[in-house]
Each structure stands twice: as C-alpha cells, then as structure tokens.
Amino acid sequence: MSQTAIIPAPRHDLATPAAPDPATRWEAAARDWLKKGRSDRTKATYAAVWTSFLAYVARPPWAIERAHVIAWRDDLVSQGKADATIAARLAAISSFYRFARDEGLTDRNPCQGVQRPSVEAYGKAVSITPSQYTALLGQVDRSTVQGRRDYAMLILEYGTAIRRAELVSIRRGDLVETPAGDIMLAYRPKGGDEETRTLPRKAVTALREYLADRGPLEASDPVFVAHDRGAHKRQARPLTAEAWRGIVGKYSQAALGVRVRPHALRHSAATEAWEQTRDLKQVQKLLGHKHVVTTQRYVDHLEDKRAQLGDRLLAALGL
C-alpha cells in the first residue's frame, strides 16, 4: 500500500495546550489492521472503504460518533448501493474499530448498534447442472489460444471451485511441478492463510496445453493473460476478474440462453461436490472456507428442497 497518510492530522485550538498527537498511533493501527491475515484484494477493498468513509465524515477517526456512521450508511442507501455492499462496508469499518479497541486506542465502537441491511447468505446464488456445464464447455473453440485459455480456466474453475479473483491472479511461480507429474497450486483463499493444493489431473492436462502457448515464463508472470488484437506487440496483460466475468457470460449465453457469473461456476462445483460426497469437511476444503459454519450455510442453501417437497405433498392430493 502507499505510504501516504490515511489518517488526517488533528487540528489544535491555539488557545489551549496541544494534546499528545494521536494521529501517528491511529495511522499505525490502520496499517496494522489492513495487514492482518487478509489477501491483497481484501486489503485493497478495506483500504478503499476506510478512505471513502473518512472522506465522507470529514473528521479524524477518534472523533467519529455513531450518528456519523448512520449518516454514511444512509448516504450509501441513497446512492442505490446493494444491501450486500452496504453490509460489507459497515462490517469493514466495525472491524477497524474492534481492532483499535483491542489496541487500546478507544473504548468504543461507533458502529455498534448501527443497523445493517439483512443479507441472506448465498440467497442469490445460482448453479448449473453438470450437463449444462458440458454444454458451456462445448462452446469453446480450442483451436485458438484464447479458446485454450478459456477451456483451461473453465476446467480449473469447476475442478477446484476457487474464486474468480484467485483464478485470474495465478502466477507461474504459484504452480509447482511434482516428480509424479502433478501440478500443485499455492494460493491464499479469501480470509485464510496461504495453502497448497494438488490440481485435478484433467485440469492439469488443459492447463499444460495453454502453458505451451505461453512459452517460457518467469515466476512473477501471470498465467492467464489477454490475447486481444495487438497483444503480441506489448507485455502480456493479466486477465482481469471483470474480463473473466464477460467471457463466462458469453459462453453461458451461447450454451444456455442466459448469462451466468463466475460465482455460479463455483456454486455449481459446490453443489455437485455435496451431492456426491455428503461430506461437509470435504466441501469445506474444496471451497476454501476458513470456518465450517460458512460451509454449513452454503450447504443449507443447497438443501432447500421446499419446492420439491411441496410438489410431493400436492401429488398426495391427486393433483
């Protein structure tokens, strides 16, 4: 992160002796909070939320009251921000104040008691069946380098259930070859510690085909890059998460008549994993959830069979 200050310097009344400057301590706390066991993507998101929050309230963090947090929340609502976005931003600010309290900088959390939008976990998650996924794969033209890239990514997405940010950020140095011919991926799941996992054999085959297209790579080089017009004339640009979203939408629209997002592919893998194993721990490891309770909420959503049960109840009436 940039070393520029993210805590505004306090203004002292010249008529009274200046109190000990708290800005340095709060600045250090903010930086330590951002470093605490988070992925680079989460750090960037939290930093942006924290900066925008301070810009809105226009006062130093030690002078912020609950009313200021409520006003900020209401402003986000007026902007039309999604409930999940507002809840996540409030959670980030609350997280900082809990950290500041633990550091002895304050004895209160101005976010405490501020009502957050109710967000149903995975309530909008969708999934597609294995046959639909096969149809989606069938839309990929593997005779082109873009097609071999997309096919490898789609296979990896389903075979590992990693998040799109984790997928597009893979570097060559994250892929470790083993004497047995396997490839292991080192990555940091959202909210977790760095881990290493063996990639499925069929995913490795597709990945090797695309790596052959890329040629020799340095450890820091991105694996999945843009292959647009003129790409051969400049340094390869990493494929972005938004670009991957568009690619998935294109293939799903062609195969299924509806656009789905990359998270639907992760959700589809989780659905099939649960159907095949009925093993909560295995599904937790597949999804990279830090806590099994998160996986339980995921599975609870998968297990919502009320519509099917209702059909059986009505069938009993001869309908």
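- Annotation: side chain of M153 is in contact with side chain of V168 (closest heavy-atom distance under 4.5 Å).
- Tracing side-chain contacts under 4.5 Å through hydrophobic residues (I, L, V, M, F, W, Y), one never reaches I128 starting from V283; they form parts of separate clusters.
- Using a 4.5 Å cut-off on side-chain heavy atoms (C-beta onward), I247 and R149 make contact.
- By the 4.5 Å heavy-atom criterion applied to side chains, P110 and H68 are not counted as neighbours.
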Intermediate values then yes/no, salt bridge (charged side-chain N to carboxylate O under 4.0 Å, His left out), E242 and R164: CA-CA 9 Å; E242 280 306 304; R164 66 170 176 165; 3.3 Å; yes
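- In the hydrophobic clustering of ILVMFWY residues, with side-chain heavy atoms under 4.5 Å counting as a link, L90 and Y56 come out together.
- Put simply, the side chain of D221 reaches to within 4.5 Å of the side chain of E218, judged on heavy atoms.
- In this structure, the side chains of V77 and I86 come closer than 4.5 Å at one or more pairs of heavy atoms.
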Decide yes or no on salt bridge (charged side-chain N to carboxylate O under 4.0 Å, His left out) for D107 and R101, but give the supporting numbers first. CA-CA 6 Å; D107 60 358; R101 186 172 55 195; over 6 Å; no
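- A single hydrophobic cluster is seen to contain both W62 and W72, as judged by linkage of ILVMFWY side chains at heavy-atom distances under 4.5 Å, directly or through other members.
- Counting heavy atoms from C-beta on, the side chains of L287 and R266 come closer than 4.5 Å.
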Where do L265 and Y158 land on the side chain to side chain contact (heavy atoms under 4.5 Å, CB included) test, with the steps shown first? CA-CA 6 Å; L265 309 185; Y158 196 77; 5.6 Å; no
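- Listed by first and then second residue, the side-chain hydrogen bond (donor to acceptor under 3.5 Å, both in side chains) pairs involving residues 167-176 are R172-E177 (not counting sequence neighbours).
- Taking CG of L217 as the reference point, atom CG of L211 lies at 7.0 Å (rounded to 0.5 Å).
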For a side chain to side chain donor-acceptor pair (under 3.5 Å) check, start with the C-alpha distance between D75 and Q79, then their side-chain angles and the critical distance, and finish with the verdict. CA-CA 6 Å; D75 183 65; Q79 294 177 39; 2.7 Å; yes
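- Judged by distance alone, with hydrogens and angles left aside, the side-chain atoms of S127 form no donor-acceptor pair with the main-chain N or O of A264 at under 3.5 Å.
- Formation of a donor-acceptor pair under 3.5 Å by the S95 side chain with backbone atoms of A91 is not found in this model.
- Put simply, OG1 on T205 and CG on L199 are 11.0 Å apart, with the number rounded to the nearest 0.5 Å.
- Scanning all heavy atoms of the two residues, the minimum distance from A269 to A161 falls at CB-CB, 3.9 Å.
- Residue K250 places its NZ atom among more than 12 non-hydrogen atoms of other residues, nucleotides or ligands, all under 6.0 Å distant.
- Among all heavy-atom pairs drawn from A273 and L286, the shortest one is CB-CD2, 3.6 Å.
- The shortest side-chain heavy-atom distance between M184 and T198 falls under the 4.5 Å cut-off.
- Judged by distance alone, with hydrogens and angles left aside, the side-chain atoms of E166 form a donor-acceptor pair with the main-chain N or O of R163 at under 3.5 Å.
- Here the side chain of Q132 pairs a donor or acceptor atom with the backbone of T129 at under 3.5 angstrom.
- No donor-acceptor pair closer than 3.5 Å links the side chain of Y97 to the backbone N or O of Q112.
- Ring geometry, W33 versus F96: the interplanar angle exceeds 60°, so the pair is classed perpendicular (tilted spans 30 to 60°).
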For a side chain to side chain contact (heavy atoms under 4.5 Å, CB included) check, start with the C-alpha distance between V114 and R66, then their side-chain angles and the critical distance, and finish with the verdict. CA-CA 7 Å; V114 176; R66 186 169 65 173; 3.4 Å; yes
Could you check L54 against I64 for side chain to side chain contact (heavy atoms under 4.5 Å, CB included), going step by step and ending with a plain yes or no? CA-CA 9 Å; L54 288 181; I64 291 171; 4.1 Å; yes
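- Residues E272 and H267 fail the side-chain proximity criterion, which asks for heavy atoms closer than 4.5 Å.
- Residues A100 and W26 share a closest heavy-atom pair of CB-CZ3, 4.0 Å.
- Hydrophobic cluster membership differs between V204 and V176, with clusters built from Ile, Leu, Val, Met, Phe, Trp and Tyr side chains linked at under 4.5 angstrom.
- For Y210, the ring pair (Phe, Tyr, Trp, His ring centres under 6.0 Å) partners at least two apart in sequence or on another chain are F224, H227.
- Panel note: side chain T134, backbone P130; a donor-acceptor pair is recorded below 3.5 Å.
- Y133 places a side-chain N or O within 3.5 Å of a backbone atom of L154 that can act as its donor or acceptor partner.
- Side chain of R214 to main chain of P222: a donor-acceptor pair is present (N/O by atom type, distance under 3.5 Å, no hydrogens or angles).
- In this structure a side-chain-to-backbone donor-acceptor pair under 3.5 Å is present from R73 to Q115.
- Checking side-chain atoms of R197 against main-chain N and O of T160 turns up a donor-acceptor pair under 3.5 Å.
- Closest non-hydrogen pair, E194 versus A186, comes out as OE2-CB, 4.2 Å.
- A distance of 10.0 Å separates CD in Q139 from CG in L137, rounded to the nearest 0.5 Å.
- Note that CG of D32 is 6.5 Å distant from CD of E103, once rounded to the nearest 0.5 Å.
- Only one option out of L167, I170, L156 pairs with V223 in a side-chain contact (heavy atoms from CB on, under 4.5 Å); it is I170.
- Under the side-chain hydrogen bond (donor to acceptor under 3.5 Å, both in side chains) rule, T295 has a single partner from Q282, K281, H289, which is H289.
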Using the rule given for side chain to side chain donor-acceptor pair (under 3.5 Å), can you reason through R98 versus S94, listing the C-alpha separation, both sets of side-chain angles and the distance that settles it, and then say yes or no? CA-CA 6 Å; R98 288 197 304 272; S94 182; 3.1 Å; yes
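- Summarising the geometry, atom CG belonging to L136 is positioned 9.0 Å from atom OH belonging to Y251; distances are rounded to the nearest 0.5 Å.
- Taking CZ of R278 as the reference point, atom CG of L280 lies at 11.5 Å (rounded to 0.5 Å).
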Pair V49-I93, side chain to side chain contact (heavy atoms under 4.5 Å, CB included): steps then yes or no: CA-CA 8 Å; V49 170; I93 301 304; 3.9 Å; yes
